Amino acid sequence: MTADAQAERTAVLAHLNSPHVSAPTRRVLLERLDARHERQFFTEAEFAQLRALAVRLLPHDPAELDLTGTVDHRLQSGVTDGWRYDDTPPDGDAYRALLASLPGDFGSRPEAEQDEAIHAAQRTLSHAFEDLLAELTEAFMAHPLTQYRFGYAGFADVPGWPAVTPNTLEPREMQAGPGSDLTTGWEASHAAR
């Protein structure tokens with residue numbers, strides 16, 4: 001892990017373990033921060049394809065954000081969002097077909113070729129692609145490291161939100177995220193409250 005990544009993780013943990021985050025929110029976000037899932041649903045080749053596709057669609061370090069494992073875990077658990085397009089098979093079958101439509105060496109191809117393959121898969125299996133992209137995006141945006149990197153501090157749900165007008169930030173929002181001074185930033189802004 002790089003020094004920057006370690007500093008971000010330290011900042012996230014400081015935020016989550018502060019008195020400004022409720023216990024249920026803390027529990028969920030700490031679980032997301034450390035979530036790692038062993039491959040169970042997909043074959044090894046499918047899992048590698050999914051990881052390469054996920055990294056291309058949402059650039060991230062799979063060692064930090066286990067998006068591929070999150071999808072695999074959901075499918076293995078049998079959890080669904082309760083609906084699908086009537087012309088689309090269940091998620092697992094739809095995702096397998098989508099991954100099979102990509103070249104076998106997808107992950108090692110140049111980015112331009114990966115993009116061409118993604119666009120072809122999107123045209124051919126549009127509903128499966130849309131569902132997978134939505135699922136990956138949801139997992140990406142719900143991860144505490146992503147929220148931190150965007151400067152989002154809405155998970156600090158204990159102190160309340162008195163500034164509710166457009167374009168108005170709470171002190172904790174102005175201090176959260178990369179570039180904040182970890183020693184006098186977000187946490188210090190709440191010390192006087």
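Numbering starts at 1 and runs along the sequence shown. Since the structure is predicted, the reported quantities are computational estimates derived from the model, not experimental observations.
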Original post:
Considering residues, nucleotides and ligands other than Glu44, do more than 12 of their heavy atoms fall under 6.0 Å from its CD?
Top reply: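 Open.
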Subject >> Glu138, CD atom: more than 12 neighbouring heavy atoms under 6.0 Å >> reply: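 Not buried by this count: 12 neighbours or fewer within 6.0 Å.
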Report, one line per pair, each donor and acceptor closer than 3.5 Å where one atom sits in a side chain of residues 127-137; sequence neighbours left out.
{"residue": "His127", "atom": "ND1", "partner": "Asp87", "partner atom": "OD1", "Å": "2.9"}
{"residue": "His127", "atom": "ND1", "partner": "Thr88", "partner atom": "OG1", "Å": "3.4"}
{"residue": "Glu130", "atom": "OE1", "partner": "Tyr85", "partner atom": "OH", "Å": "3.4"}
{"residue": "Glu130", "atom": "OE2", "partner": "Tyr85", "partner atom": "OH", "Å": "2.7"}
{"residue": "Glu135", "atom": "OE1", "partner": "Arg74", "partner atom": "NE", "Å": "3.3"}
{"residue": "Glu135", "atom": "OE1", "partner": "Arg74", "partner atom": "NH2", "Å": "2.8"}
{"residue": "Glu135", "atom": "OE1", "partner": "Tyr95", "partner atom": "OH", "Å": "2.7"}
{"residue": "Glu135", "atom": "OE2", "partner": "Arg74", "partner atom": "NE", "Å": "2.6"}
{"residue": "Thr137", "atom": "OG1", "partner": "Leu133", "partner atom": "O", "Å": "2.7"}

Subject >> Residues Glu31 and Arg26 bridged, charged N to O under 4.0 Å >> reply: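 Arg26 and Glu31: not salt-bridged.
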**OP:** Report the C-alpha separation of Glu64 and Arg149 in whole Å, then their side-chain angles, then the decisive distance to 0.1 Å, and conclude whether the salt bridge (charged side-chain N to carboxylate O under 4.0 Å, His left out) test is met.
**Re:** CA-CA 13 Å; Glu64 287 182 340; Arg149 289 170 180 154; 2.9 Å; yes
**OP:** Look at the aromatic rings of His15 and Phe155 and report parallel, tilted or perpendicular, splitting at 30° and 60°.
**Re:**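 Geometry flag for Phe155 against His15: tilted rings.
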Original post:
Could you state the interatomic distance from NE2 (His119) to CD (Gln114), rounded to the nearest 0.5 Å?
Top reply: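 Reported value, rounded in 0.5 Å steps: 11.5 Å.
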Subject >> Main-chain N/O of Ser108 paired with Asp105 side-chain donor or acceptor, under 3.5 Å >> reply: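 Checked: no pair found.
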Original post:
Quick check: does any side chain N or O of Ser77 sit under 3.5 Å from a backbone N or O of Val79, one acting as donor and the other as acceptor?
Top reply: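 No; zero donor-acceptor contacts below 3.5 Å.
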Subject >> Result of checking Asp66, Leu65, Leu145 against His60 for side chain to side chain contact (heavy atoms under 4.5 Å, CB included) >> reply: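 Looking at Asp66, Leu65, Leu145, the match for His60 under the side chain to side chain contact (heavy atoms under 4.5 Å, CB included) is Leu65.
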Under 4.5 Å between side-chain heavy atoms, counting indirect links through other Ile/Leu/Val/Met/Phe/Trp/Tyr residues: same cluster for [X] and [Y] or not?
{"X": "Val71", "Y": "Val55", "result": "no"}
{"X": "Tyr152", "Y": "Leu67", "result": "yes"}
{"X": "Val28", "Y": "Phe140", "result": "no"}

Subject >> Cation over ring face, Arg9 and Tyr148, 6.0 Å, 45° >> reply: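 Judged by the rule (NZ or CZ under 6.0 Å from the ring centre, within 45° of its axis), Arg9 is not positioned above Tyr148.
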**OP:** Please report the closest heavy-atom contact between Gln147 and Ala142, naming both atoms and the distance.
**Re:**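 Here Gln147 and Ala142 meet closest at NE2-O, 3.5 Å.
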